[in-house]
Structures are given as C-alpha cells and as structure tokens.
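Structure record follows, encoded as structure tokens.
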Amino acid sequence: MFKNPKKTKRFPEGTFIATPARIAAILQLCIAFTVLLSNIGLPFMGEAYQNRSQKIAYQSVIGGSDCETAKRTFEYFQSLPITTQKQILEGYHNLNSRQNKGFMEKAQASLSIILLHLPPFKMAWLCLSFIVPIMLLKKVPSGRMCSLLLPLVTLIHCIDGLYYGKTPELSPGDKLYPQEDYLVEHYMDSPISTNVLTQHSQLKEAWNRYLISEWAPQVESIDSDDLLEKGQFAFNLERLRAIQSTEVDLFAQFTEREPLPYYMIYLIWNTLFAIVIFRSIEPETIEFTNLSRNIN
C-alpha cells in the first residue's frame, strides 16, 4: 500500500573532492564548453546574423508591398537609374545565395576557427579549462598545481590582447551614423534631458532633423513628411552602397582587442578558481586517497 522511501546512495568517504573545489571545477568546465560552442557556432549563427542584417539593409532600399511606407520606398527605388537598380537586385540575389551554404562547408569553417584562428593563449586556456577540472574531479595529484596555469595563461592572454590586438573599427555602413554629441549640438533646441523616455523622443526628433537637413533634397514646396522619407531613403541607399563595397570577414574578430572589462572578468575568475582549489584541496589528501585505493 505504501511505497518504500527511496534510499539515498551513499559513497565512501573521500570519493569526491571538497564541495567548493567540485563546484569551481564544474563551473570552469561549463565556461569552457560555452566558449568552445560560441566559437564553433560562429559560421552558423554569426554568419546568419550578418546575412540577416544585410538583408534588412537591402529591404530598406528595395521596399515592397507590405505597408504604405514599403510601397513608397519601392517607388523611390524605381526612380533610381536602371543600372543602380540592377546592381542592388544582383547583390540581394547573391546574399540569398550565400544563405544556402551547406552544413559541411560551415563545419569546415568551424574547424578552421578552432585549429587556425583562435589566439594561441586563448587556445591554451581553452585546453587547460577542460584538462585541469577533469584532473581535479578524477583526483589526479598534479591537478592542484596545474590549476595555477589557468590564471598564468589568462594573464599572458590579456597582456597579448591589450598590447598586440587590433583596435576594433566600425564598418563603413555604421560609420555613416552620426555621433550622439553631433545630434545634440546641431539638431536639438534644448539640452538633453536626464529622463530616459524624454531623451528617446529628443534624439528621435534630432535624428529626423538630421535626415531632412543632410540627406533630403532641399525643395521648399515639398511636405516635411515626404522630406523625411526621402532623407531616410537616401541615407539607407548610401549605407547599402557602403555595405556592398565591404567584404565580411568572420575571422577578423580573433585579431581584435577585447574590451578591458572582458579581460578583467576573465582574469579575476581564473584567479579565484585557483584560490578556491588551493584552499579546498590539501596536497596530501589526493595522494593519500589514491594510495589507499591502490593498497585496497
């Protein structure tokens, strides 16, 4: 009638390493798996994101028939020279073709990232982040000392990235966007508000003025809404031309300098990991446990 309570499996004393060290080792393995998967998935998700961004840029110029704004955008597109229209449509067709890459081609790119493009010290950290926690969980005596290699390799990687990494540059398409200070100085009548919602409306109004002033044809008889649409279309067209003239390089980020907070968090975590391992595991504990198992 009544089920017997489930018995809890009991392990002999000394089966596992100390709980803080065990948690730290598992977390380190999780972080390593996350970094590995994020790099392996770059040709899949990263390229899909870039293709999607470029597709939106094309659609902002070509337009369509989904809504009134898209219809008017299509009318502006049809007013362009035939050669320009053909060039844009050909680029859009090539973009759609690139989205149909096969799995094996993307898998080869993933393998190339791991073997050729990862910075050497980051690759060393990734290998150690798998090897050291497994050594600790398996109670290998040398695992405790090997944990010191993680903050050391991390420190070298941070120094290498800060001093020899390239400064990330905006893409030609993103460079067209004005800085916030420029909009505040030239296209706002009052100082920017401290309220976030008010800031949004102020910057949106300044952005619209910027499009009308610098991108729309200056015809006094035309309606302001039409001027805004024409300015937006001209800006989108110029941005699309910049995107078309730029070849996307998925591997460029591996030679770029990461933000300083990234390096700080990276170094702090690996240092804390080594500290937890050294405080939680005594060197005699692992050696004695392994010796006693061999005797038994």
Side-chain angles (χ1 to χ4, degrees), residues 22-57 94-138 140 143 146-147 149-162 164-171 173-174 243 246-274 277:
R22 190 161 73 249
I23 293 174
I26 293 172
L27 284 176
Q28 187 72 17
L29 281 173
C30 292
I31 293 172
F33 271 114
T34 302
V35 173
L36 179 64
L37 291 176
S38 65
N39 286 284
I40 290 177
L42 187 62
F44 296 90
M45 301 305 297
E47 188 172 354
Y49 172 77
Q50 290 182 341
N51 289 338
R52 179 59 180 168
S53 299
Q54 291 187 1
K55 193 172 183 179
I56 292 174
N94 293 336
L95 176 63
N96 290 328
S97 300
R98 289 202 304 269
Q99 292 179 338
N100 298 324
K101 283 185 179 180
F103 174 82
M104 291 305 300
E105 187 177 356
K106 293 181 179 180
Q108 289 176 0
S110 296
L111 186 62
S112 175
I113 287 174
I114 298 301
L115 298 180
L116 302 175
H117 295 283
L118 273 182
F121 294 110
K122 188 172 185 178
M123 186 64 184
W125 172 86
L126 191 60
C127 293
L128 287 172
S129 293
F130 284 109
I131 295 172
V132 173
I134 291 174
M135 290 175 67
L136 293 169
L137 295 173
K138 297 288 288 184
V140 177
C146 288
S147 64
L149 294 174
L150 280 168
L152 178 62
V153 171
T154 302
L155 178 62
I156 298 173
H157 171 59
C158 293
I159 295 173
D160 178 69
L162 288 172
Y164 299 104
K166 297 179 181 178
T167 303
E169 295 183 358
L170 291 174
S171 65
D174 292 338
I243 291 174
T246 306
E247 186 176 353
V248 178
D249 184 7
L250 282 175
F251 306 131
Q253 61 177 290
F254 297 113
T255 59
E256 293 179 348
R257 182 187 302 124
E258 299 285 352
L260 183 59
Y262 166 84
Y263 288 121
M264 295 299 295
I265 295 173
Y266 192 40
L267 183 59
I268 289 171
W269 162 252
N270 286 274
T271 304
L272 287 175
F273 173 80
I277 297 303

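Here the structure is a predicted model, which is why all the values come from computation and not from measurement. For this chain, numbers begin at 1 and follow the sequence in order.
To the nearest 0.5 Å, atom OG1 of residue T154 and atom CD1 of residue I159 are 11.0 Å apart. In this structure, the separation between CD1 on I156 and CG on L267 is 11.5 Å, given to the nearest 0.5 Å. How far CD of Q50 is from OG of S171: 9.5 Å, rounded to the nearest 0.5 Å. With rounding to the nearest 0.5 Å, the separation of CD in Q54 from CG in N94 is 11.0 Å. Atom CG in L111 sits 8.0 Å away from atom CD1 in I114 (nearest 0.5 Å). Atoms CG and CD1, on L150 and I131 in that order, are 10.0 Å from each other to the nearest 0.5 Å.
Contact check for V132 versus F273: side-chain heavy atoms found under the 4.5 Å cut-off. Here the side chains of W269 and L27 are in contact, with some heavy-atom distance below 4.5 Å. Looking at heavy atoms from C-beta onward, H157 lies in side-chain contact with Y263 at the 4.5 angstrom threshold. A heavy-atom distance below 4.5 Å is found between the side chains of L36 and L126. You'll find the side chain of T271 stays beyond 4.5 Å of the side chain of L155, heavy atoms only. Side-chain contact check for L128 versus C146: every heavy-atom pair is 4.5 Å or farther apart. The shortest distance between side-chain heavy atoms of K55 and N51 does not fall below 4.5 Å. Side chains of Q28 and N270 form a contact here, defined as non-hydrogen atoms less than 4.5 Å apart.
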- Could you walk me through whether L136 and R22 pass the side-chain contact (heavy atoms from CB on, under 4.5 Å) check? CA-CA 8 Å; L136 293 169; R22 190 161 73 249; over 6 Å; no

- Worked verdict on V35 versus W125 for side-chain contact (heavy atoms from CB on, under 4.5 Å): CA-CA 11 Å; V35 173; W125 172 86; 4.0 Å; yes

- Query: Can you list the steps and then say if H117 with N39 is a side-chain contact (heavy atoms from CB on, under 4.5 Å)?
  - Reply: CA-CA 10 Å; H117 295 283; N39 286 284; over 6 Å; no

- Task: Apply side-chain contact (heavy atoms from CB on, under 4.5 Å) to the pair T167 and E256, showing each step before the final yes or no.
- Result: CA-CA 6 Å; T167 303; E256 293 179 348; over 6 Å; no

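Remark: F33 CZ is loosely packed, at most 12 non-hydrogen atoms of other residues, nucleotides or ligands lying under 6.0 Å away.
The backbone N or O of L162 lies less than 3.5 Å from a partner atom in the side chain of R257, making a donor-acceptor pair. One N or O on the side chain of T34 and one on the backbone of C30 form a donor-acceptor pair closer than 3.5 Å.
Across all non-hydrogen atoms, the minimal contact from S129 to A32 is CB-CB, 3.6 Å. Between G173 and I243 the shortest heavy-atom distance is CA-CG1, 4.5 Å. Residues P151 and A274 share a closest heavy-atom pair of CG-CB, 3.9 Å.
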